[in-house]
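Below, chains carry the letters A, B, ... as their sequence lines are ordered, and counting in each starts from 1. Keep in mind the model is a prediction, meaning the values are calculated, not measured. Side chains are part of it too, since the values below use all heavy atoms of this structure and drop only hydrogens, waters and symmetry mates.
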Amino acid sequence: MSSKSQEIEAVLGQKYRHGFVTDIESDSLPPGLDESVVAAISRRKQEPQFLLDWRLKAFRHWRTMREPAWASVRYKPIDYQDISYYSAPRAPTDAPKSLDEVDPKLLATYEKLGIPLHERARLAGVAVDAVFDSVSVATTFKDKLAKAGVIFCSFSEAVRNHPELIERHLGTVVPIQDNFFAALNSAVFSDGSFVYVPPGVRCPMELSTYFRINAAKTGQFERTLIIAAEGASVSYLEGCTAPMRDENQLHAAVVELIALDDAQIKYSTVQNWYPGDENGVGGIYNFVTKRGECRGRNAKISWTQVETGSAITWKYPSCVLKGENSVGEFYSVAVANNFQQADTGTKMIHIGRNTKSTIVAKGISAGHATNTYRGLVKILPGADGARNFTQCDSLLMGSRCAAHTFPYMEVRNPGATVEHEASTSKIGEDQLFYCLQRGVSAEDAVNMIVSGFCKAVFKELPMEFAVEAQNLLSVSLEGAVG
Amino acid sequence: MPGKNVLTISKLRASVAGKSILKGVDLQIGAGEVHAIMGPNGSGKSTLAQVLAGREDYEVEGGGVTFDGQDLLAMRPEERARAGFFLGFQYPVEIPGVNNAYLLKAALNAKRKRAGMPEVDAYEFLALIKAKMKFMQMNEAFLSRGVNEGFSGGEKKRNEILQMLVLEPRLAVLDETDSGLDIDALKVVAKGVNSLRGPDRSIVLITHYQRLLDYIEPDHVHVFSDGRILKSGDKSLARELESRGYDWIQEGRVA
């Protein structure tokens, strides 16, 4: 092996930085899934009848469904009876009322993750609804948000305090029959986040949730619902890390966004779950359903994601553009290294007149990884004047990885405009050598080249996230050229 | 005095993809000297430049190179650069999205770090690069563009010289920097190169044409053919080549 390749392997071998397990007693259900488990989850969370009924309906439907096999990902069959569907960290009281009441070990975990809630949150002006395993343990900035009339709380809390909003909106964007994983989530979801921004209110701060999977063998089934009423706007940040372990962990979240007339929702994700080791052992299975509906006129939903983690990513944040003049956006950087498999993209469903969508997807593959962009642009007959612009670029690092692009288009309105651009490039030996010859290290050079490649997406991220995203890419890819 | 030579190449042999290209190159370059390497296409001039810069695709099969007393071939490409070896590329590559100024600042700081100097601060750097750009008659818009992104051939070459001016190398090898330049651009490039001439700096010009040497006068001229230096002389050799072509030298090889 040449010296450069060796160096690259060394850099590639960087261990996952967030790999540690917090030793906290978990209050978990034994593995297995049947109606009694669904009922037990609902009971533990003291949910109203309508929600239990909804869960059971979802569960019964899920049992009739088959796991999808169309994605370009391969994994061992998942034994759904071998997963524990509920785990909550045990705290001295049932629910901590302030950070002082939060288990210090938990806080230490956040510190290690670089999320000192009490400091960083305040300094950054970010309200954090921190989800540790399945139950929210601390929520900050509630007061300030409450003054603006914004509801930002854990999903369980929303079920208790705003059941009417939950009952009205839950499952209206992603119905329980939508797909296998969404149905499973609907049956067993444990917690998540809820946001409601009332009419005319611009949310006074960026809302942020950090997810972390912790208890062994506990699937995570987060449920997020964000509603922006008429003329409201909100920016929501989601970031994730997970401890290192050998067993694959299933994660099947559902996120629903609803934007009414003139409302705007910006949803940004930096996803850094444990991707498995350099031999492809372990890592998170990330089967997520994310969908937003522009229900009203001039509504806008924008997804920005930086996906660097997970062994398998199966994720298509989508926009249903119902309202006239509504706008959907999808900006994505998906990185797959070692044996990671990513099958991700978006769906833009144009229903209303003059609806517009933009897709910018950047896929980076390294090692033995496979990176697939899968996107659907669907323009229905009533969508006069609809427009879509799609740009998909793939960057290959080394010669053992793969990139695929599947852009599906269904245009049923002759007046629509659909543009598609795609490129695949190998990270230039020439580019790398050029930088080296100027004295820049291989690591820095690859960082630079990759950042340059991702620029169009990074500029869509909120400032503090953009920095984090850059760092993530560094850890995931530095020098990943063979 | 010993060590006066900046670069000493002895019996250098190299191949690419199993094909032998350099077949025993000997060359000494003293401090402050400007050398021109001329020769027909495919004779190995560019390969020599790439091997000196440390391009991985080239296999060194024998011989050695010392650069300021160090074993150049044992150094990684970025170490060679930081030690003051600069290659002006024949075809500068585009790096989309990577800011021109950003790369150059990183390059300068890498070099300063090796020399034990503090990093250049943003204001200092901006002042420096703006002055050099003005000298090279470049538009300041270059600063905010991607590295060579969408540059014309001439702009790319100018950018190479700009980088050289900022990095102030100990030894610069300019690989056909003159090709594809109109006469005005050629003059600007020559001006940039000449401004760097000095007792501590050596320059190697790889070129096909006498034209460049009208503006940058070399101390030594070498004729490359079939992977080695066939003939060396002073600047008059270049003129002779211009009028007689390479054949007469190659024929002389038989002897």
| For Arg55(B), which residues count as a salt bridge (Lys or Arg N to Asp or Glu O under 4.0 Å) partner, sequence neighbours excluded? | Asp430(A), Asp57(B)
| Side chain, backbone, both or neither: which part of Tyr91(B) has an atom under 4.5 Å from a heavy atom of chain A? | neither
Side chains of residues 10-18 of chain B: which donor-acceptor pairs under 3.5 Å do they make with residues two or more places apart or in other chains?
from     : atom 1 : to       : atom 2 : distance (Å)
Arg13(B) : NH2    : Glu61(B) : O      : 3.4
Ser15(B) : OG     : Glu61(B) : OE2    : 3.0

| task | Starting at OH of Tyr434(A), measure out to CD of Glu160(B) and round the result to the nearest 0.5 Å. | result | 3.5 Å
| query | When you measure from the side chain of Arg438(A) to the backbone N and O of Leu87(B), does any donor-acceptor pair fall under 3.5 Å? | reply | yes
| query | Does atom CZ of Arg387(A) have more than 12 heavy-atom neighbours from other groups under 6.0 Å away? | reply | no
| said: Are there over 12 heavy-atom neighbours, none belonging to Lys266(A), within less than 6.0 Å of that residue's NZ? | reply: yes
| Quick check: are there more than 12 heavy atoms from other residues, nucleotides or ligands sitting under 6.0 Å from CZ of Phe125(B)? | yes
| Is the closest side-chain heavy-atom distance between Arg76(B) and Ser441(A) below 4.5 Å? | no
| Leu167(B), part contacting chain A, at a heavy-atom distance under 4.5 Å | side chain
| field | Per-residue contact mode, Glu79(B) against chain A (heavy atom under 4.5 angstrom) | value | neither
| message | Apply side chain to side chain contact (heavy atoms under 4.5 Å, CB included) to residues Leu103(B) and Met448(A) and explain how you reach the verdict. | response | CA-CA 8 Å; Leu103(B) 173 67; Met448(A) 258 186 226; 3.7 Å; yes
| query | Is a side-chain donor or acceptor of Gln437(A) paired with a backbone partner of Gly88(B) at a separation under 3.5 angstrom? | reply | no
| said: Any non-hydrogen side-chain atom of Val98(B) less than 4.5 Å from a side-chain atom of Phe453(A)? | reply: no
| query | Do other residues, nucleotides or ligands put more than 12 heavy atoms under 6.0 Å from the CD atom of Glu59(B)? | reply | no
| note | When the 4.5 angstrom heavy-atom criterion is applied to Asn148(B) and chain A, the contacting part is side chain
| Once the angle between the rings of Phe433(A) and Phe89(B) is folded into 0 to 90°, is it parallel (under 30°), tilted (30 to 60°) or perpendicular (over 60°)? | perpendicular
| task | Quick one: which of Gly146(B), Ala53(B), Ala106(B), Pro92(B) has the most heavy-atom pairs under 4.5 Å with chain A, could you say? | result | Ala53(B)
| Pick from Ala110(B), Ala83(B), Pro96(B): which one has the most heavy-atom pairs with chain A under 4.5 Å? | Pro96(B)
